[in-house]
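Letters A, B, ... are given to chains in the order of the sequence lines, protein chains preceding strands, and every chain is numbered from 1. Just so you know, these numbers use all the heavy atoms, side chains as well, and skip hydrogens, waters and symmetry mates. The shown structure was predicted, so the numbers you read here are calculated from the model rather than taken from an experiment.
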Amino acid sequence: MPGIHTAIHKDRLRHWIAPPIKPGKYVLYWMQQAQRVAYNHALAHAVEISNTLCLPLVVGFVLTSDFPDANLRHYVFMLEGIAQTQSQLGKLGISFVLKVGDMVEEVFKLSRDAAWVVADVGYLRIQRQWRAQVANALKCPYTEVETDVTVPVAAAAAKEASAARTLRPLLMNKLGDYLDPVVLPEYRMRQTIPKTPHLDSIDPIKLADRVVTNKNISPVNYYHGGPAEARQRLKKFISQGLAAYHVLSRDPTKHGQSDLSPYLHFGQISPVEIVREIQATEAPPAAKKAFIEQMVVRRELAVNFVYYNPGYDMYEQAVPHWAQKTLAEHIQDPRPYIYTWDQLEQGNTHDPYWNAAQMEMVKTGKMHNYMRMYWGKKIMEWTRTPQEAHEIILALNNRYELDGRDPNGFTGAAWCFGRHDRPWQERAIFGKVRYMNAEGLKRKFRINEYVQRIQTL
DNA sequence: ATCGGCTCGCGCAA
DNA sequence: TGCGCGAAGCCGAT
């Protein structure tokens, strides 16, 4: 960008509206996806612009009451993080403004006297619509900064990847180019702010209770939101879990995962920071490789999917053609078990492993990754049509998982129906789509220990 | 316990 | 145009 010296990789920047710079009173960073201070390329770029223009920086965050499928559980987790981020920004002398209302309208109001607006990047439909509407309404320069992936999605691949194997080499070859540390520049305008708007510190529970429409799903005790919690979990994972990650992470009876996905979902920790921390350890190469496979390859395959497939949440577009065909051919197959939404939601099926997985999600806000595959495959087997199963999987996932409504969730649901996978031996109901059964759980794990652990929650 | 086959489409080499 | 190869699993043969 002419005139703005930046340390941010150009592939992370998208300039919607170029200068000439409009006269204005401040630079606005519209914080939406990357709800953190540390390793936030968008915030760092906003500080660079603010320093260059000699204008103060304002960070604006808009709380909408009706984010699709979000409920009290998600809002409380998110606001626990926002409270920390607000306090961290305050210590840096950066103004933070929280607004409640319609996203586009409030961002537009916040940007009225802005000389420049910076935003982070989100990949879901609603996030892209918000940004497009804001960009159309603005009269000042508008720059988006891609900070919640390691490799920017368009730089990784120019089209939808058919499977992990096509994206993996692209990501791994480029990963090193995008792992520079993100150093927040010294904010030069802090003393020139006439008076820092003194916002009361946020009480996540009270604020969520006041704002949120959908209160029927209660917050969880097992995960609390915030960049500080995220960093603690990362440190603990590195010291206790990483060395055996490649051995234990797939076993639902073990505690072998990093449990960082809720924090990544709300942008409370940066994937770049995580990868740097992991690479800096002395853990066995196989452990690091297995973690990078999840953290970078699988996660950014999901970003690639929702970015390039506009129907990522719709059966007809999310599920590959060969799979739709084979599933349709088996639509009349007898189904030994058919469950209703209520039976599934309550974890009330004949299958104790499935019920345990459902209860893990309901109670803790996070189901073990391996069980997510099994859980989805079984819903497909136990409902009348794959379309209905796909809807139920997404609805339950989005309602109960703290990392619901994430690219990973939409991709995981589509994977159950063959996306990013290949055909297998044809069988009833599933056709050529990959099958999973309880025998596999028993063969691989002491799965009863998982059931017992969930029962004690 | 371990191994190959299952089955289709992608992507590279000719 | 042809062909090698994947891939977060299952199943049957050894």
In whole Å, measure the gap between the P atoms of dC10(B) and dG9(C) for me.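 Pairwise P distance, dC10(B) against dG9(C), rounds to 22 Å.
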Under 4.0 Å between a Lys/Arg side-chain N and an Asp/Glu carboxylate O for Arg419(A) and Glu160(A)?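 Looking at Glu160(A) together with Arg419(A), the answer is yes, because their closest N to O distance falls below 4.0 Å.
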Would Arg427(A) and Tyr435(A) count as a cation-pi pair here, with the cationic atom under 6.0 angstrom from the ring centre and within 45° of the axis?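 Cation-pi check for Arg427(A) and Tyr435(A): passes.
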Do Lys377(A) and Trp382(A) meet the cation-pi criteria used here (NZ or CZ under 6.0 Å from the six-membered ring centre, within 45° of the axis)?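 No, Lys377(A) does not lie over the aromatic ring of Trp382(A).
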Holding to ring-ring contact (aromatic ring centres under 6.0 Å, His included), I want the full list of residues that pass it with Trp341(A), two or more places apart in sequence or in another chain.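 Testing Trp341(A) for ring-ring contact (aromatic ring centres under 6.0 Å, His included), a comparison that skips the adjacent residues, returns none.
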What is the 5' to 3' range of DNA chain B, first to last nucleotide, that sits under 4.0 Å from any heavy atom of chain A?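 Under 4.0 Å from chain A, the extent on DNA chain B is dC6(B) to dG11(B).
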When Watson-Crick pairs (N1 to N3 and N6-O4 or O6-N4) and G-U wobble pairs (N1-O2 and O6-N3) count only below 3.5 Å on both distances, what is the dot-bracket string of DNA chain C, with | for other-strand pairs? ||||||..||||||
So, is Tyr370(A) near the phosphate of dG9(C), with a side-chain N or O under 4.0 Å from OP1 or OP2?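 Yes, Tyr370(A) has a side-chain N/O under 4.0 Å of OP1/OP2 on dG9(C).
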For dC10(C) and Lys444(A) - does any side-chain N or O of the residue sit under 4.0 Å from the phosphate oxygens OP1/OP2?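 So the side chain of Lys444(A) is within the cut-off, an N or O lying under 4.0 Å from OP1 or OP2 of dC10(C).
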Could you check whether the side chain of Arg298(A) and the base of dA8(C) have a donor-acceptor pair of N or O atoms closer than 3.5 Å, going by distance alone?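 Answer yes: a donor N or O sits under 3.5 Å from an acceptor.
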What is the distance, rounded to the nearest whole Å, between atom CZ of Phe291(A) and atom C1' of dA8(C)?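 Rounded to the whole Å, the gap is 16 Å.
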Would you list the protein and nucleotides 11-14 of chain C atom pairs, both N or O, that sit under 3.5 Å from each other?
from: dC11(C); atom 1: OP2; to: Asn437(A); atom 2: ND2; distance (Å): 3.4

Distance-only donor-acceptor hits, side chain of residues 262-274 of chain A, under 3.5 Å, sequence neighbours excluded:
from: Tyr263(A); atom 1: OH; to: His224(A); atom 2: O; distance (Å): 2.8
from: Tyr263(A); atom 1: OH; to: Arg233(A); atom 2: NE; distance (Å): 3.1
from: His265(A); atom 1: ND1; to: Asp406(A); atom 2: OD2; distance (Å): 2.8
from: His265(A); atom 1: NE2; to: Gly404(A); atom 2: O; distance (Å): 3.3
from: Gln268(A); atom 1: OE1; to: Gly226(A); atom 2: N; distance (Å): 2.7
from: Gln268(A); atom 1: NE2; to: Phe77(A); atom 2: O; distance (Å): 3.4
from: Ser270(A); atom 1: OG; to: Val272(A); atom 2: N; distance (Å): 3.0
from: Ser270(A); atom 1: OG; to: Glu273(A); atom 2: N; distance (Å): 3.0
from: Glu273(A); atom 1: OE1; to: Arg231(A); atom 2: NH2; distance (Å): 2.9
from: Glu273(A); atom 1: OE2; to: Arg231(A); atom 2: NE; distance (Å): 3.4
from: Glu273(A); atom 1: OE2; to: Arg231(A); atom 2: NH2; distance (Å): 2.8

Exercise answer: donor-acceptor pairs, residues 202-212 of chain A side-chain atoms, under 3.5 Å, sequence neighbours excluded:
from: Asp203(A); atom 1: OD1; to: Ile205(A); atom 2: N; distance (Å): 3.2
from: Asp203(A); atom 1: OD1; to: Lys206(A); atom 2: N; distance (Å): 3.3

